[in-house]
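Take a look at the structure below.
The chains referred to below are lettered A, B, ... by the order of the sequence lines, with proteins before strands, and numbering in each begins at 1. In what follows, every heavy atom counts, from backbone to side chain, and hydrogens, waters and symmetry copies are set aside.
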Amino acid sequence: MKRVGKDFFTGDVLNVAERLPGMDIVIKRGESETRYTITETEAYNGTDDRACHASKGRTPRTEVMFREGGILYIYFVYGMHWMMNIVTGMENNPQAVLIRGAGDISGPGRVTKVMGIDGSFNGESVITSQRIWIEDPGRRVKIVSLPRVGINYAGEPWISMPWRFLIRS
DNA sequence: GTAAGGATTGGC
DNA sequence: CCAATCCTTACT
């Protein structure tokens, strides 16, 4: 079993966000497992990062981000899209990695739609879950980092931080 | 209770 | 360019 464990997800969000592209998300439904290679991520880095939901404090929605890394933070935006994040870091240090692309899927809203991810996955542990986890096949991939998308409201310097990570194709 | 706005997407 | 669509948060 190549399932990625707790030590990886309790590490710093920037390290996790940069290393996830090239690893696989595995979704198990019934007896069938589907693998999607992660192609794009973004890091949301603690209470100082004005683009991170946790910068507004510990609320019912952001509560999962304050827990120990390795669980999912799933939320609903624009009245139609689910966003999937993996919480990272230690307890009380709210961080998460947004999954923006996997396999042939481009865009975070499409990722959750194709994978069947919704609010029922919020707080679920990718370390122990029997329906979603991460595997590391040991692929060598080149990573490009760029500014994050859709967070202009956060202002500088957060708009310009190169915390979006993609596989260089 | 009310209001504003969003870590997006698809269509014009 | 802009509408869709509803949840979360802040404020009265």
### Query
Does a donor on one side chain and an acceptor on the other come within less than 3.5 Å for A:Glu156 and A:Trp158?
no

### Query
Which ranges of DNA chain C pair up as stems, where a stem means three or more consecutive Watson-Crick or G-U pairs with both distances under 3.5 Å?
B:1-6 with C:6-11, B:8-11 with C:1-4

### Query
If you measure only the distance, is there a donor-acceptor pair under 3.5 Å linking the side chains of A:Arg67 and A:Asn93?
no

### Task
Using a heavy-atom cut-off of under 4.0 Å over every strand shown, decide if A:Leu98 touches base, sugar-phosphate, or nothing.
base

### Message
Please tell me whether A:Ser55 and A:Asp49 have a donor and an acceptor in their side chains that are separated by less than 3.5 angstrom.
### Response
no

### Task
Take atom CD of A:Glu42 and atom P of B:dG6, then tell me their distance rounded to the nearest Å.
15 Å

### Query
Are A:Met65 and A:Gln95 close enough that some pair of their side-chain heavy atoms sits under 4.5 Å apart?
no

### Task
Identify whether any heavy atom of A:Met80 sits under 4.0 Å from a base atom; if not, whether one sits that close to sugar-phosphate; answer base, sugar-phosphate or nothing.
base

### Summary
Separation of B:dT8 atom P from A:Met84 atom CE, nearest Å, is 14 Å

### Task
Name the nucleic acid region contacted by A:Tyr78, choosing base, sugar-phosphate or nothing; use a 4.0 angstrom heavy-atom cut-off, strictly under.
base

### Message
Just the rounded figure in Å: distance from P of B:dG6 to OH of A:Tyr44.
### Response
13 Å

### Task
Compare the minimum distances between each of B:dT9, B:dA7, C:dT9 and the side chain of A:Pro108, then state the nucleotide with the smallest one.
B:dT9

## Note on the structure
Atom CZ of A:Phe165 and atom P of B:dA7 are separated, to the nearest Å, by 19 Å

#### Entry: C1' gap between C:dC2 and B:dG5, integer Å
16 Å

#### Entry: Gap between atoms CG and C1', on A:Asn152 and B:dT8 respectively (whole Å)
14 Å

#### Entry: Qualifying ring pair (Phe, Tyr, Trp, His ring centres under 6.0 Å) pairs with a residue from residues 75-110 of chain A, counting only residues at least two apart or across chains
A:His53-A:Tyr75, A:Tyr73-A:Tyr75, A:Phe76-A:Trp82

### Query
Think A:His81 has a side-chain N or O under 4.0 angstrom from the OP1 or OP2 of B:dA7?
no

### Task
Measure from NE2 on A:His53 to P on B:dA7 and round the result to the nearest Å.
4 Å

### Message
Nearest whole Å is fine: how far is B:dG6 P from A:Ile159 CD1?
### Response
12 Å

### Task
Would you mind reading off the distance between A:Asn45 atom CG and B:dA7 atom P, rounded to a whole angstrom?
16 Å

### Query
Side-chain contact, heavy-atom cut-off 4.5 Å: A:Leu72 with A:Val87?
no

### Task
Check whether the aromatic ring of A:Tyr153 stacks on the base of B:dG6, taking stacking as ring centres less than 5.5 Å apart and planes within 30° of each other.
no

### Message
Between A:Arg110 and B:dG10, is there a contact of a side-chain N or O with OP1 or OP2 at under 4.0 Å?
### Response
yes

### Task
Compare all side-chain heavy atoms of A:Arg19 with those of A:Phe165 and state whether any distance is below 4.5 angstrom.
no

